[in-house]
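Presented below is the structure to which this report refers.
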Amino acid sequence: MAPVFLGGKLKLKGEKKKKKSKHKLDEKVNRDAVTKASVKVPSDDEDVELTEAEKKGLQLQKEREKLEIERLAKQSHRERVEEFNEKLGNLTEHNDIPRISAAGNG
């Protein structure tokens, strides 16, 4: 009769887990911190070999963002809500959410 295998990992006689020393972990953390600090992140003003199309696209994106900020700054919260409600009112009934009643009649 063969022995029944109940599951689990095979245990080998000479197998031991190696413990990581805290000293090595500290060195690794310090080394990672130094490499992250030394990485230079380019700012918006610096051009890092961008093509003319990319430069023009970034410029247009900044201009659009500036115009959007100016447009939002001109309107009060109430005006923005009214404009949003007006847009929702102009949508077709196809997009409308059907009313659900408590009685379940539709």
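Just so it is clear, the model here is predicted, and its values are computed rather than measured.
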Trace of the side chain to side chain contact (heavy atoms under 4.5 Å, CB included) decision for K55 with Q59: CA-CA 6 Å; K55 290 177 186 177; Q59 182 182 4; over 6 Å; no
Quick one: does Q75's side chain have a donor or acceptor within less than 3.5 Å of a partner on L72's backbone? no
First locate atom CG of L91, then atom CD of E86, and finally report the distance between them rounded to the nearest 0.5 Å. 11.5 Å
Any heavy-atom pair between the side chains of R80 and H77 that's under 4.5 Å? yes
Using 4.0 Å as the upper bound for N to carboxylate O, is an ion pair formed by E63 and K66? no
Gap between atom CD of E65 and atom CD of E70 - 0.5 Å precision: 11.5 Å
Looking only at non-hydrogen atoms, find the nearest pair between E79 and K74 and report the distance. OE1-O, 3.9 Å
Using the test salt bridge (charged side-chain N to carboxylate O under 4.0 Å, His left out), find all partners of E52 that sit at least two apart in sequence or belong to another chain. none
Between CZ on residue R71 and CZ on residue R64, distance to nearest 0.5 Å: 14.5 Å
